[in-house]
Enquirer: 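This is the structure I have questions about; it appears just below.
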Amino acid sequence: MQHGPAVRRRKLGAELRALRALAGLTSGQAARLVGWHQSKVSRIETGRSGVRPADVRLLLDAYGVRDPELHELLVLLAGSDDDGRQRWWHAYRSILPSTYSDFISLESQAGAMRTLENSVVPGLLQTREYARAVTRAAVDAAPDGTADALVEVLVKVRLARQDVLRSNTPLRLSAVLDEAVLRRTVGGPEVMARQLERLKEAAHLPHVRLQVLPFGIGAHIGVTGPFVIFSFPNRSDLDVVVLDHLTSSLYLEQREDLQSYEEAFDSLQGQALSPEDTLDFIAGLADGA
């Protein structure tokens, strides 16, 4: 288990090491090509230090890597846009926990996201009012006079995250929701009614697959807790599982861990209502809301 930044550094370092070997270069030869000391190349490849996007491009050019998609992915793993500008959420770095910032970073880079939720609607599908109610519950312990402002900032960030579903190449989202998510009245009946309508709208999007696990199936493998699986375009070895806890997030990157969670998600999808039956189920709840 690793925190997100360590996962990215290790993955990026492993990719660069493999590309150097493919080019037939030693770490010393690579360092001389780009004008560095050999120890800098070693630190980058072992994930002991971060690397700037410009340095990633320098190494990729030295290794003769011409694949534009691979260029883009590895530059993104370095943590900023291809032109070197800071990512949009960096404007909130004084407020957001580092684990949350890293989650947003992975979310923005991934090609697909599979998520199981037991308690609340996934952040990418929340309405503003629902997000405010959930966030309010999470920050009630904030110092007097700061809670309201903090809630509004966090809601703004959550809504900005939803742009990944509206981009030219949108994130493919597969969400399995325990029935409890839909039964829990967050923010009051009116807020919940609008949230159910939002889910119905999202379920019609071609890149969103929404399924409900009804109470009737009894215990299931997901009762141990929610999780997210991020998958990256054409690079399954970069996939990662995120487990959320009250004070932090943990990231699983080992192949055996990924396989276990992928199999669990497949099992949950098989037990859940079909996307079509899920729409009918949500519509029934909305009619009675």
Enquirer: Can you hop from Tyr261 to Val223 via hydrophobic side chains spaced under 4.5 Å?
Expert: no
Enquirer: Quick one: do Met113 and Leu165 satisfy side-chain contact (heavy atoms from CB on, under 4.5 Å)? Show the steps, please.
Expert: CA-CA 11 Å; Met113 174 180 173; Leu165 295 178; over 6 Å; no
Enquirer: Which atom pair, heavy atoms only, marks the closest approach of Asp61 to His71?
Expert: OD1-CE1, 3.8 Å
Enquirer: For the hydrophobic clusters of this structure (ILVMFWY residues joined by side-chain heavy atoms under 4.5 Å, transitively), does one cluster hold both Leu273 and Leu279?
Expert: no
Enquirer: In terms of side-chain heavy atoms, does Arg20 have a donor or acceptor partner in Ser27 at a distance below 3.5 Å?
Expert: no
Enquirer: Could you name each residue pair satisfying salt bridge (Lys or Arg N to Asp or Glu O under 4.0 Å) that touches residues 177-192, not counting sequence neighbours?
Expert: Glu179-Arg183
Enquirer: So, for Arg158 and Ala131, which heavy atoms are closest and what is the spacing to 0.1 Å?
Expert: CD-CB, 4.0 Å
Enquirer: Can you run down the side chain to side chain donor-acceptor pair (under 3.5 Å) pairs that involve residues 203-213, sequence neighbours left out, and say none if there aren't any?
Expert: Arg209-Gln211, Gln211-Gln269
Enquirer: Evaluate the criterion side-chain contact (heavy atoms from CB on, under 4.5 Å) for residue pair Leu106 and Val228; output intermediate values, then yes/no.
Expert: CA-CA 11 Å; Leu106 290 172; Val228 172; over 6 Å; no
Enquirer: Okay, side chain of Gln162, backbone of Gly123: is any donor-acceptor separation there less than 3.5 Å?
Expert: yes
Enquirer: What verdict does the side-chain contact (heavy atoms from CB on, under 4.5 Å) test give for Val186 and Gln195, after you've listed the backbone C-alpha separation in whole Å, the side-chain angles of each residue and the deciding distance to 0.1 Å?
Expert: CA-CA 9 Å; Val186 173; Gln195 181 60 67; over 6 Å; no
Enquirer: Would you indicate whether the side-chain heavy atoms of Met192 and Tyr130 approach each other to under 4.5 Å?
Expert: yes
Enquirer: So how far is it from Glu107 CD to Asp163 CG, rounded to the nearest 0.5 Å?
Expert: 10.5 Å
Enquirer: Rounded at 0.5 Å granularity, tell me how far CD1 in Ile221 sits from CZ in Phe265.
Expert: 12.5 Å
Enquirer: Any non-hydrogen side-chain atom of Thr115 less than 4.5 Å from a side-chain atom of Leu124?
Expert: no
Enquirer: Just how far is it from atom CG of Leu154 to atom CG of Leu96, taken to the nearest 0.5 Å?
Expert: 6.5 Å
Enquirer: Quick one: does any side-chain atom of Thr135 pair with a main-chain N or O of Arg132 as donor and acceptor, under 3.5 Å?
Expert: no
Enquirer: For Leu171 versus Ala110, what's the shortest heavy-atom pair and its separation?
Expert: CD1-O, 3.4 Å
Enquirer: What is the distance from atom CD1 of Ile95 to atom NZ of Lys156, rounded to the nearest 0.5 Å?
Expert: 10.0 Å
Enquirer: Do the side chains of Arg198 and Val121 get nearer than 4.5 Å, heavy atoms only?
Expert: no
Enquirer: Working to the nearest 0.5 Å, report the span between OG1 of Thr127 and CG of Leu159.
Expert: 8.5 Å
Enquirer: Heavy-atom distance under 4.5 Å between the side chains of Leu125 and Leu173, does that happen here?
Expert: yes
Enquirer: Can you list the residues that meet the ring pair (Phe, Tyr, Trp, His ring centres under 6.0 Å) rule with Tyr63, with sequence neighbours excluded?
Expert: none
Enquirer: Would Arg114 and Ser231 count as a side-chain hydrogen bond (donor to acceptor under 3.5 Å, both in side chains) here? Give the steps.
Expert: CA-CA 8 Å; Arg114 286 166 284 179; Ser231 299; 3.1 Å; yes
Enquirer: Please examine the side chains of Leu16 and Leu60, heavy atoms only from C-beta on, and report whether any two atoms are closer than 4.5 Å.
Expert: yes
Enquirer: Can you see which heavy atom on Arg17 is nearest to which on Thr46, and at what distance?
Expert: NH1-N, 4.4 Å
Enquirer: Given Glu253 and Asp257, is the side-chain contact (heavy atoms from CB on, under 4.5 Å) satisfied, shown in steps?
Expert: CA-CA 7 Å; Glu253 57 175 329; Asp257 292 324; over 6 Å; no
Enquirer: Looking only at heavy atoms, which two atoms of Pro226 and Glu117 are closest? And how far apart?
Expert: CB-OE1, 4.0 Å
Enquirer: Going from NZ on Lys200 to CG on Leu285, what distance comes out if it is rounded to the nearest 0.5 angstrom?
Expert: 10.5 Å
Enquirer: Taking all non-hydrogen atoms of both residues into account, name the closest pair between Phe232 and Asp239 and its distance.
Expert: N-OD1, 3.1 Å
Enquirer: Kindly say whether the aromatic ring centers of Phe103 and Tyr251 come within a distance under 6.0 Å.
Expert: no
Enquirer: Going hydrophobic residue to hydrophobic residue with side-chain gaps under 4.5 angstrom, can you get from Tyr100 over to Val139?
Expert: yes
Enquirer: Measure from the side-chain N and O atoms of Thr278 to the backbone N and O of Val212, and report whether any donor-acceptor pair falls under 3.5 Å.
Expert: yes
Enquirer: Whether the side chain of Ser267 engages the backbone of Glu263 through a donor-acceptor N/O pair (distance < 3.5 Å, no angle test) should be reported.
Expert: no
Enquirer: Is the closest side-chain heavy-atom distance between Trp89 and Val157 below 4.5 Å?
Expert: no
Enquirer: Determine, using the 4.5 Å side-chain heavy-atom cutoff (strictly less than), whether Val34 and Val51 are members of one ILVMFWY cluster.
Expert: yes
Enquirer: If the threshold is 4.0 Å, N to carboxylate O, is there a salt bridge linking Arg194 and Glu197?
Expert: no
Enquirer: Is any side-chain heavy atom of Asp148 closer than 4.5 Å to one of Glu152?
Expert: no
Enquirer: Using the rule that Ile, Leu, Val, Met, Phe, Trp and Tyr join whenever any side-chain heavy atoms are under 4.5 Å apart, tell me whether Leu70 and Leu22 fall into a single cluster.
Expert: no
Enquirer: I want to check something: taking the side chain as every heavy atom from C-beta on, are Leu252 and Leu258 in contact at a cut-off of under 4.5 Å?
Expert: no
